[in-house]
2 protein chains.
Amino acid sequence: MARAGLTAERLTRAGAELADEVGFAQVTVSALARRFDVKVASLYSHVKSSHDLKTRIALLALEELADRAADAVAGRAGKDALVALADVYRDYAREHPGRYAAAQYRLDTETARASAGVRHAQLTRAILRGYDLTEPDQTHAVRLLGSVFHGYVSLELGGGFSHSAPDTQETWIRTLDALDTLLRNWPAP
Amino acid sequence: MARAGLTAERLTRAGAELADEVGFAQVTVSALARRFDVKVASLYSHVKSSHDLKTRIALLALEELADRAADAVAGRAGKDALVALADVYRDYAREHPGRYAAAQYRLDTETARASAGVRHAQLTRAILRGYDLTEPDQTHAVRLLGSVFHGYVSLELGGGFSHSAPDTQETWIRTLDALDTLLRNWPAP
DNA sequence: ACTTTTCCCTAATGGCTTTAGGCAAATCGG
DNA sequence: CCGATTTGCCTAAAGCCATTAGGGAAAAGT
């Protein structure tokens, strides 16, 4: 019988697409097998488990996101860089909600350390070069920016912002303005 | 045979405890049945489905959280209120990670509208009375604060902050300082 | 061409969800 | 009180998902 040509990479990519279509939580070994028109057990030659599959999708998403982020930050500085980076996260989440959710998948310590996750922190730290912050404050600021980006995006995606009043695009712009102002006037301890 | 005395409320409370112990994602009708030493099917007289159970736990968490928040904000203003409210979220998430995750469970529109979720927005808006913001800016600020609180807490809980350098408590304090500064110097459009 | 490896399949187990239908316990009406 | 009704938990069963064991055929290597 003809072979389907499965590989861990193809499964991961298809899993990412599936996540965007039906939600990361609904990504299942069975659903993926159906998508390849193949029996479920066949996937287990390529991925160790459901957890392994999800981890691979998470790593893919983290890498895509870091690539986009690196691209956006390159050649920009200050508020320009800040906005570009922030938009990468927000746009990615809107274009690829399933992948964005995957990027939040809890990785064990060593997997996380080897992931593109570390690049994210570096990129965020990079845009802070355009602002005048002392070393420990940079770390605080990195965490703050991460919190705002992630928090905003996940609330917006989850419908946490009532679809009322000022639209979310306006809030986003004002939020980035506010962050820029804040970084330029970072309060002393 | 003796009855177990199940009710939707007891199941919900036990489900919340279970969530804190093993994670919200691991809360399952089966696990809950085991906890009550009862057969799985028995629970279906009290909750409609797994989704119904999770929704109830989410609503419980949202209410507990809103109660604590209301308590914290009462009699405080300005930065004092800001810090108190923020600490409620963070402390709740640390004490009850499963419940906190439950509070993030996606509710359908009408359930959300009837939930304590709306109280949260009101409470956040309330602390902004201590700052001088125009009406539309209040909404933006509510969303920003929600983003920071949620983003920070979920990153911290998920291990998103490498356990390195300055500890997270310090970052938290500096983050709240920063937010206070920001609200007092809210940039014009 | 033949051997070895790789890939996908069948078969089977066990867990979770959900529905249908039954018997006993609690509750109620006279 | 006691029979009738309602309520609560059970057994049974079907369906979906995850995972493992072992087999046979296609692809790759010699």
Side-chain angles (χ1 to χ4, degrees), chain A residues 1-60 98-99 101-102 104-108 111, chain B residues 1-60 98-99 101-102 104-108 111:
Chain A
M1 40 200 58
R3 296 195 178 183
L6 305 179
T7 66
E9 285 66 36
R10 287 191 61 196
L11 290 175
T12 305
R13 263 193 295 278
E17 286 165 24
L18 184 59
D20 286 336
E21 291 165 22
V22 304
F24 184 62
Q26 277 64 53
V27 171
T28 183
V29 181
S30 297
L32 207 50
R34 274 193 293 276
R35 174 164 287 226
F36 279 96
D37 210 11
V38 133
K39 298 298 171 180
V40 194
S42 305
L43 301 209
Y44 283 84
S45 311
H46 305 280
V47 296
K48 265 198 290 296
S49 63
S50 181
H51 174 255
D52 179 36
L53 172 65
K54 286 180 189 151
T55 299
R56 285 168 188 271
I57 298 173
L59 293 175
L60 171 69
R99 284 159 148 97
Q104 253 54 61
Y105 190 66
R106 189 79 134 100
L107 303 175
D108 50 283
T111 306
Chain B
M1 44 199 63
R3 296 196 176 181
L6 305 180
T7 65
E9 285 67 35
R10 287 191 59 195
L11 290 175
T12 304
R13 262 193 296 277
E17 286 165 24
L18 184 58
D20 286 337
E21 290 166 22
V22 303
F24 184 61
Q26 277 64 54
V27 171
T28 183
V29 181
S30 296
L32 207 50
R34 274 193 292 277
R35 173 163 288 225
F36 279 95
D37 210 11
V38 133
K39 297 299 170 179
V40 193
S42 306
L43 302 208
Y44 283 85
S45 312
H46 304 281
V47 296
K48 267 199 288 296
S49 62
S50 180
H51 175 256
D52 179 36
L53 172 65
K54 287 180 188 149
T55 299
R56 286 168 188 272
I57 297 173
L59 293 174
L60 171 69
R99 284 157 147 101
Q104 253 56 60
Y105 190 66
R106 189 76 136 100
L107 303 175
D108 50 282
T111 306

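Since this is a predicted model, take the numbers as computed values, not measurements.
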Is the phosphate of [N] approached by [X] (side-chain N or O, under 4.0 Å from OP1 or OP2)?
X	N	value
T28(A)	dA18(D)	yes
S30(B)	dT17(C)	yes
S42(B)	dG8(D)	no

Counting C-beta onward and ignoring hydrogens, is there a side-chain heavy-atom pair between [X] and [Y] closer than 4.5 Å?
X	Y	answer
T12(A)	L59(A)	no
V29(B)	V40(B)	yes
R35(B)	E21(B)	yes
F24(A)	Q104(A)	no

Can you identify which nucleotide, out of [options], has its nearest atom closest to the [X] side chain?
X	options	value
S49(B)	dC10(D), dT7(D), dT18(C)	dT18(C)
K39(B)	dC10(D), dC8(C), dA18(D)	dC10(D)
Y44(A)	dT19(C), dT20(D), dT17(C)	dT20(D)
A41(B)	dC9(D), dC9(C), dT11(D)	dT11(D)
V40(B)	dT18(C), dC10(D), dC9(C)	dT18(C)

Grab the [atom1]-[atom2] distance between [X] and [N] for me, whole Å please.
X	N	atom1	atom2	value
L6(B)	dC10(D)	CG	C1'	12 Å
R10(B)	dG8(D)	CZ	P	13 Å
R3(B)	dG8(D)	CZ	C1'	4 Å
L11(A)	dC7(C)	CG	P	12 Å
L43(B)	dT7(D)	CG	C1'	16 Å
R34(B)	dT17(C)	CZ	P	9 Å
H46(B)	dT17(C)	NE2	P	16 Å
Q26(B)	dC16(C)	CD	P	11 Å

Rounded distance [0.5 Å steps], CZ in R13(B) versus CZ in R99(B):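 Rounded to the nearest 0.5 Å, the CZ-CZ separation comes to 9.5 Å.
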Sugar-phosphate, base or nothing in reach of A4(A), heavy atoms under 4.0 Å: sugar-phosphate
Sugar-phosphate only, base, or nothing, as touched by S50(A) at under 4.0 Å among non-hydrogen atoms: sugar-phosphate
